[in-house]
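Per chain, numbering begins at 1; letters A, B, ... match sequence-line order. Just so you know, these numbers come straight off a predicted model, no measurement behind them.
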Protein chains: 2
Amino acid sequence: MNTFENLEYNSLLTSFKELLKNNSLKFTKQREVVLKTLYERNEHFTPEDLYIFLKSTYPQLNIGIATVYRTLNLLEESHMVTSISFGVAGKKFELANKPHHDHMICKTCGLIIEFQNDKIEQLQLEIAKANHFHITSHLMQLRGLCEKCAKEKS
Amino acid sequence: MNTFENLEYNSLLTSFKELLKNNSLKFTKQREVVLKTLYERNEHFTPEDLYIFLKSTYPQLNIGIATVYRTLNLLEESHMVTSISFGVAGKKFELANKPHHDHMICKTCGLIIEFQNDKIEQLQLEIAKANHFHITSHLMQLRGLCEKCAKEKS
DNA sequence: TTACTTGCAAATGATTTGCACGTAT
DNA sequence: ATACGTGCAAATCATTTGCAAGTAA
């Protein structure tokens, strides 16, 4: 389903380069370090957090936040990264080299737990079919308290 | 689970007035027409759309968009309305007097289809339990094309 | 050389806030 | 009379965009 599933860095890089070539876009240091960082850190980044990380890790690059946004948008449109939305608070991005999954998000500490459940996915397809709706993607987030924060509240 | 489920207008209004009193807030015409409109129109409103509607329906009130935002936020914090997020594009609000449900959203025309599925809700609880996570709410949106838009594409 | 890219700063768009005036209680 | 509420305009915050200079191909 997802072309980038389970790829490691060199394959991702090759895919990215092809993608750029196919669209007459150029392979730049900035685009490279965005992809590399998402791969190596394997975290959910806000554009701001990623910008700060890149700024301090590659000071000589003098990357601008607009470039971070542009690159993340490019990668997302190409399905190489996915994002989870936090409403007014913005989005977090992660590399799409993992199999599809959804997220539990702790409202207190921001911890993100990934999960996936085939039965739910199956039920979603059935529901869509019954409504003559054609699903292209879905969003499922469970919000609440992680174990640690739940304990601290009591 | 939801205190406001299945209430009709008079009961909602009473609940709202109590809520205001309990918090030393005042019952105003502006707050009243926001609640009334959400009840009567039974739609998913953006703050902007609701503002435009109120502006033209109650011109003598001369309502400001800031008041619409403030009232929607107040109602949402009190769980009398719920919202669905459209990322950068903002939020849509609806009255919480219907039983819990989730949404299918057409990416082309914006049509919203409501659905609910007990099996999925049950599975979500089981997944959370297995991860020692305490769910307080969840977000589930199926995105894609409605029947009409899917036909027009082909 | 010829586009495409970049950083910067300004623009945008949704939402929030300060303030002086208005109004429920 | 005393807060609290409101409209307005300005402020904010995340994100996008125009532009002149830089750089991959």
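Here B/H132 contributes atom NE2 and A/K151 contributes atom NZ; the two are 8.5 Å apart, rounded to the nearest 0.5 Å.
Phosphate proximity of D/dT15 to A/Y69: present, with a side-chain N or O under 4.0 Å from OP1 or OP2.
For DNA chain C, the outermost nucleotides in 5' to 3' order that have an atom under 4.0 Å from a heavy atom of chain B are C/dA14 to C/dT25.
Here the closest heavy-atom approach between residue A/C146 and residue A/L111 is recorded as CB-CD2, 3.7 Å.
Evaluated for a salt bridge (Lys or Arg N to Asp or Glu O under 4.0 Å) with B/K98, the options B/E114, B/E8, B/E5 yield exactly one hit, B/E114.
Taking hydrophobic clusters as Ile, Leu, Val, Met, Phe, Trp and Tyr residues chained together by side-chain heavy-atom distances below 4.5 Å, B/L72 shares a cluster with B/L25. Using a 4.5 Å cut-off between side-chain heavy atoms of Ile, Leu, Val, Met, Phe, Trp and Tyr, with links allowed through other members, A/V68 and B/V88 fall into different hydrophobic clusters. By the criterion of side-chain heavy atoms lying less than 4.5 angstrom apart, applied directly or through intervening Ile, Leu, Val, Met, Phe, Trp or Tyr residues, A/Y58 is grouped together with A/F16 in one hydrophobic cluster. A/F4 and A/L95 fall within the same hydrophobic cluster, where Ile, Leu, Val, Met, Phe, Trp and Tyr residues are linked whenever their side-chain heavy atoms come under 4.5 Å apart, directly or through other members.
Here the P atom of nucleotide D/dA14 and the NZ atom of A/K92 are 13 Å apart, to the nearest Å. Here D/dG5 presents its C1' atom at 15 Å from CG of B/N73, a figure rounded to the nearest Å. Whole-Å rounding puts the A/E48 CD to D/dT12 C1' distance at 14 Å. Straight-line distance from the CD atom of A/E77 to the C1' atom of D/dT15: 14 Å, rounded to whole Å.
Here the two rings, on A/F93 and A/F45, have centers that are 6.0 Å apart or farther.
A salt bridge is absent between B/K36 and B/E32; no separation between the charged side-chain nitrogens and carboxylate oxygens falls under 4.0 Å.
For the helix from C/dT1-D/dA25 to C/dT25-D/dA1, the end axes, each set by the C1' atoms of five terminal pairs, are bent relative to each other by 30° (nearest 10°).
Mapped onto DNA chain C by nearest heavy atom, B/P47 and B/K21 fall at different nucleotides, with B/P47 at the one closer to the 5' end. A residue-by-residue look at B/N23 and B/I65 shows that B/N23 has its nearest nucleotide of DNA chain D further toward the 5' end. Projected onto DNA chain C by closest heavy-atom contact, A/A66 and A/S24 fall at different nucleotides, the more 5' of which corresponds to A/S24.
Using cut-offs of 30° and 60° for the angle between ring planes, the A/H101 and A/H44 rings count as perpendicular. Taking the six-membered ring for Trp and thresholds of 30 and 60 degrees, B/H100 and B/H138 have ring planes more than 60 degrees apart, a perpendicular arrangement.
At a non-hydrogen distance threshold of 4.0 Å, nothing from residues 53-64 of chain B comes into contact with DNA chain C.
In this structure, the side chain to side chain donor-acceptor pair (under 3.5 Å) partners of A/D49, at least two apart in sequence or on a different chain, are A/T46.
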Reading nucleotides 19-25 of chain D from the 5' end, what letters show protein touch, with B for base, S for backbone sugar-phosphate only, - for no heavy atom under 4.0 Å?
-----BS

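Using a 4.0 Å heavy-atom distance criterion, B/Q30 is classed as a sugar-phosphate-only contact.
For the pair B/K92 and B/F86, the cation-pi criterion (under 6.0 Å, within 45° of the ring axis) is fulfilled.
Each salt bridge (charged side-chain N to carboxylate O under 4.0 Å, His left out) pair with one or both residues in residues 75-90 of chain A, not counting sequence neighbours, appears once here: A/E76-A/K91.
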